[in-house]
Amino acid sequence: MKPKLLLSAGIAFSATTPLYYTLCYDNKYAQTGAVKEHGFLHMLYNKNNEIERRKDVEKKKKIRPINTDVPEGLCDGYDMIEGDTIDDYIKYYLKLWEQIKDEYQSVADFSNQNALLSKEFMEEIKPRLLENFDVKVVMVFRDPIRRAWSKCNDICQTYDKNPLIEFSTNMYNEHADYGSIYQKYVDVWGKGRVCAVVMEEFWSGQKWGLCDFIGYNLKNIHENAYYPDKGSKAPHYDYLWDQWSSNTHDLDKVTWDIACKKMQWIYDDFRKIFGYLPREWRVWYQT
């Protein structure tokens, strides 16, 4: 029987880290190795694009090893995967599987950059991955406006910008196109291999969709600083700095109303694909 490979396709600022901890620590379903996300597939995707490749390399340097329970001899931090081919990626995960198969159900890649892979690239690597693994894909979606606000807060801290100005001019990025990301993964891997998790639903107790998808009962759901959304008053949970540090300013009603008009297409697209709109999405509340 082939080992399972769980691919996460983001979405950044939608609680991917608490989902990672839920699957990889609190329930020991999957194991990624030394880091949550190494971004290897995205680097491979950008192999012939020098500008984007350099961005990937710089991003990789900033990745913090957050797994302190790494099997001995597996890797030494950032340079997890030696080489630059899909065979090197496969070799790494097969090695990981041999060392964790008695404790875990699956190996996993929780790189948020996977959301940006093209259909053509995934079609190219698909035969080799399916030859070696039972591949499943999970992605987590958060209310588009709240997610974009957290993203802008994060950018403003890095580049010393005003979050209100940044949000009004840059509330959309590639990770915001939920429908397109979901559909391209379904087109490549098939609907039965892809699971979309709505953050607000999962952390309100609706866990069975994901449990059924992976065939595993998730008994413990990790704490999540994004839910319930408390804005700048988000709890400072240990090891979730990436969450509460991106909620430094509170969203106001005027900015919210502007975002509702500009981002309505994302909600419409979600409803068209999934047949409904999550109850807690596009609902104003003061944090």
Side-chain angles (χ1 to χ4, degrees), residues 1-12 16-17 19-45 56 60 63 66-67 69-71 73-75 79-140 181-182 184-197 209-218:
M1 182 180 295
K2 299 176 187 177
K4 298 174 184 176
L5 170 61
L6 182 65
L7 287 178
S8 170
I11 303 295
T16 59
T17 302
L19 184 61
Y20 161 76
Y21 283 137
T22 295
L23 289 163
C24 300
Y25 281 78
D26 300 332
N27 297 276
K28 284 197 169 185
Y29 170 76
Q31 171 65 266
T32 61
V35 292
K36 173 197 171 202
E37 47 185 314
H38 45 67
F40 183 83
L41 290 180
H42 196 248
M43 285 189 281
L44 190 59
Y45 169 51
D56 280 337
K60 186 179 181 183
I63 293 176
I66 57 177
N67 187 348
D69 187 27
V70 184
L74 179 64
C75 53
D79 296 322
M80 298 174 60
I81 304 173
E82 298 179 359
D84 59 357
T85 70
I86 192 61
D87 288 330
D88 297 307
Y89 181 86
I90 291 169
K91 180 180 178 181
Y92 170 78
Y93 280 108
L94 289 177
K95 182 179 180 180
L96 173 58
W97 174 246
E98 286 303 312
Q99 298 191 43
I100 59 95
K101 62 183 179 182
D102 293 332
E103 283 190 85
Y104 296 82
Q105 303 294 311
S106 175
V107 292
D109 176 355
F110 260 78
S111 303
N112 284 336
Q113 303 99 307
N114 290 340
L116 307 181
L117 302 177
S118 70
K119 285 177 60 175
E120 292 75 18
F121 174 77
M122 287 194 289
E123 290 286 7
E124 180 182 335
I125 66 174
K126 176 183 175 181
R128 292 290 291 124
L129 289 183
L130 289 181
E131 181 182 336
N132 290 276
F133 302 102
D134 177 8
V135 178
K136 289 183 179 291
V137 180
V138 64
M139 56 192 71
V140 57
I181 292 170
Y182 173 79
K184 71 180 176 183
Y185 268 90
V186 168
D187 289 346
V188 173
W189 300 101
K191 193 171 183 179
R193 290 186 181 271
V194 182
C195 179
V197 175
L210 179 57
C211 291
D212 290 344
F213 176 70
I214 62 175
Y216 193 83
N217 181 17
L218 300 172

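- Between the side chains of S111 and D109, at least one donor N or O sits under 3.5 Å from an acceptor N or O.
- Crowding of K191 atom NZ: a count of heavy atoms from other residues, nucleotides or ligands under 6.0 Å not exceeding 12.
- Here the closest non-hydrogen pair linking K2 and D134 is CB-N, 4.0 Å.
- Closest of all the heavy-atom pairs between C24 and Q31 is SG-N, 4.4 Å.
- With rounding to the nearest 0.5 angstrom, the CE atom of M139 is 9.5 Å from the CG atom of L7.
- L23 and L218 make their closest contact through CD2-CD2, 3.8 Å (heavy atoms, listed as atom of the first residue, atom of the second, distance).
- Under the 3.5 Å distance criterion, the side-chain polar atoms of Y20 are left unmatched by any main-chain donor or acceptor of S8.
- Between the side chain of K101 and the backbone N or O of P3 there is no donor-acceptor pair closer than 3.5 Å.
- With hydrogens and angles disregarded, a donor-acceptor distance shorter than 3.5 Å links the side chain of D88 to the backbone of D84.
- Once rounded to the nearest 0.5 Å, the distance linking CD1 of I181 with OH of Y185 reads 8.5 Å.
- Between K36 and T16, the side chains place a donor N or O and an acceptor N or O closer than 3.5 Å (distance only, hydrogens not considered).
- In this structure, N132 contributes its side chain and R128 its backbone to a donor-acceptor pair below 3.5 Å.
- Note that CG of L5 is 9.5 Å distant from CG of L94, once rounded to the nearest 0.5 Å.
- Aromatic ring pairs are classed by plane angle as parallel below 30°, tilted from 30° to 60° and perpendicular above 60°; the pair H38 and F40 is perpendicular.
- For the atom pair CD1 (I11) and CG (L116), the distance works out to 8.0 Å, reported to the nearest 0.5 Å.
- In terms of modelled atom types and a separation under 3.5 Å, the side chain of K126 and the main chain of V188 share a donor-acceptor contact.
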Quiz item: Between V137 and M122, is a side chain to side chain contact (heavy atoms under 4.5 Å, CB included) present by the stated rule, with each step listed?
Solution: CA-CA 12 Å; V137 180; M122 287 194 289; over 6 Å; no

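- The two atoms that bring L129 and I86 nearest to each other are CD2-CD1, 4.2 Å, heavy atoms only.
- Rounding to the nearest 0.5 angstrom, the gap separating the CZ atom in F133 from the OG atom in S106 is 9.5 Å.
- Listed here is the closest heavy atom pair of G209 and C195: O-SG, 4.4 Å.
- For the atom pair OH (Y93) and CG (L6), the distance works out to 10.0 Å, reported to the nearest 0.5 Å.
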